[in-house]
Amino acid sequence: GEEFAPMPNPYTRDRYLKYLEMGADVIVAGGQTKNPSTEELLSAFKVCNAENIIVLPNNKNVILAANQAANLYTGAVIHVIKTKNVAEGYAALAVINPAFKDISALTESAQRAANEVISAEITKAVRNVSLEGRNITKGDYIAIGGGELMAVEKTAEDALITTLKSIDTDLSEMITLFVGKGVSDGERAA
């Protein structure tokens, strides 16, 4: 595989390298504040040089651009798996096997894997706010999943525990925790 867009930030680069290790051929860098354009996606499709291209947007705001690019591109059949976050992207990519010849069944399987993911994000509140009837103080750790507030706690660890307790983990086969660059090795081990 070949990278498409330069990724100067080591954290961002490391996050994407796992996708390359899992079989992705091209990465179009993006994020919450910088979504790739339709033109960037079209350029990435050209780099792939394949009959079928599977796209994992990994952000609900990128799905529209991916669908627009798919409709405009004539060099291949583009299959957009509607992944809304990195966790859904990993789940979808994990079931994609290039040797599998039934592309329709393959993309359905990838979409089903993405849809089965239950995810939440934990972040630090940047201001005081009242959300869903709960008072959040600047510096609190909040967990948001499925568009809903799942936890408000004083520490990231407590937010994680509260979030896990609110999810029916008996139906889960695996729990994967992604941690950001600001998390120390000691905190990761805890």
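Values reported hereafter were calculated over all heavy atoms of this structure, with side chains retained and with hydrogens, waters and symmetry mates removed.
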Distance-only criterion, 3.5 Å: show the donor-acceptor pairs between side-chain atoms of residues 64-76 and protein atoms not counting sequence neighbours.
from, atom 1, to, atom 2, distance (Å)
Asn67, ND2, Ile63, O, 3.4
Gln68, OE1, Thr38, OG1, 3.3
Asn71, ND2, Asn67, O, 3.3

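- Side chains of Asn128 and Thr137: no donor on one and acceptor on the other come within 3.5 Å.
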Distance-only donor-acceptor hits, side chain of residues 149-156, under 3.5 Å, sequence neighbours excluded:
from, atom 1, to, atom 2, distance (Å)
Glu153, OE2, Thr162, OG1, 2.8
Lys154, NZ, Asp140, OD1, 2.7
Thr155, OG1, Asp158, N, 3.0
Thr155, OG1, Asp158, OD2, 3.2

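- Thr107 contributes atom OG1, which lies 10.0 Å from atom CZ of Arg112 (distance to the nearest 0.5 angstrom).
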Give the C-alpha distance, both sets of side-chain angles, the deciding distance and a yes or no for side-chain contact (heavy atoms from CB on, under 4.5 Å) between Asn59 and Val86. CA-CA 8 Å; Asn59 184 307; Val86 172; over 6 Å; no
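- Note that OG of Ser119 is 4.0 Å distant from CG of Asn85, once rounded to the nearest 0.5 Å.
- Looking only at distances, no side-chain donor or acceptor of Thr83 sits under 3.5 Å from a matching main-chain atom of Gly89.
- A heavy-atom distance below 4.5 Å is not found between the side chains of Ile122 and Ile144.
- For the pair Ser130 (side chain) and Gly133 (backbone), a donor-acceptor distance under 3.5 Å is absent.
- For Tyr141, there are no ring pair (Phe, Tyr, Trp, His ring centres under 6.0 Å) partners at least two apart in sequence or on another chain.
- Partners of Val77 under the side chain to side chain contact (heavy atoms under 4.5 Å, CB included) rule, at least two apart in sequence or in another chain, are Asn52, His79.
- Atom NZ of Lys124 sits about 9.5 Å away from atom NZ of Lys138, to the nearest 0.5 Å.
- By the 6.0 Å contact criterion, CD on Glu51 is open, its count of non-hydrogen atoms from other residues, nucleotides or ligands being 12 or less.
- One N or O on the side chain of Glu40 and one on the backbone of Ser37 form a donor-acceptor pair closer than 3.5 Å.
- Minimum interatomic distance between Thr163 and Ala143 (heavy atoms only, all atoms of both residues): OG1-CB, 3.0 Å.
- At a threshold of 4.5 Å between non-hydrogen side-chain atoms, the residues Val55 and Ile81 do not count as touching.
- Across Val95 and Ala110, no two heavy atoms sit closer than the pair CG2-CA, 3.5 Å.
- At a threshold of 4.5 Å between side-chain heavy atoms, the hydrophobic network of Ile, Leu, Val, Met, Phe, Trp and Tyr places Ile161 and Ile175 in two separate groups.
- Atoms CD1 and NZ, on Ile167 and Lys165 in that order, are 13.0 Å from each other to the nearest 0.5 Å.
- The minimum heavy-atom distance between Glu148 and Glu132, with the atom names listed, is CA-OE2, 3.6 Å.
- Remark: Asn115 engages Gln111 in a side chain to side chain contact (heavy atoms under 4.5 Å, CB included) (not counting sequence neighbours).
- Here Leu106 contributes atom CG and Asn97 contributes atom CG; the two are 7.5 Å apart, rounded to the nearest 0.5 Å.
- Leu56 and Met22 fall within a single hydrophobic cluster, where Ile, Leu, Val, Met, Phe, Trp and Tyr are joined by side-chain heavy atoms under 4.5 Å apart, directly or via other members.
- The only option from Val28, Ile53, Val26 that meets the side chain to side chain contact (heavy atoms under 4.5 Å, CB included) definition with Phe45 turns out to be Ile53.
- Listed by first and then second residue, the ring pair (Phe, Tyr, Trp, His ring centres under 6.0 Å) pairs that reach into residues 97-127 come to none, sequence neighbours excluded.
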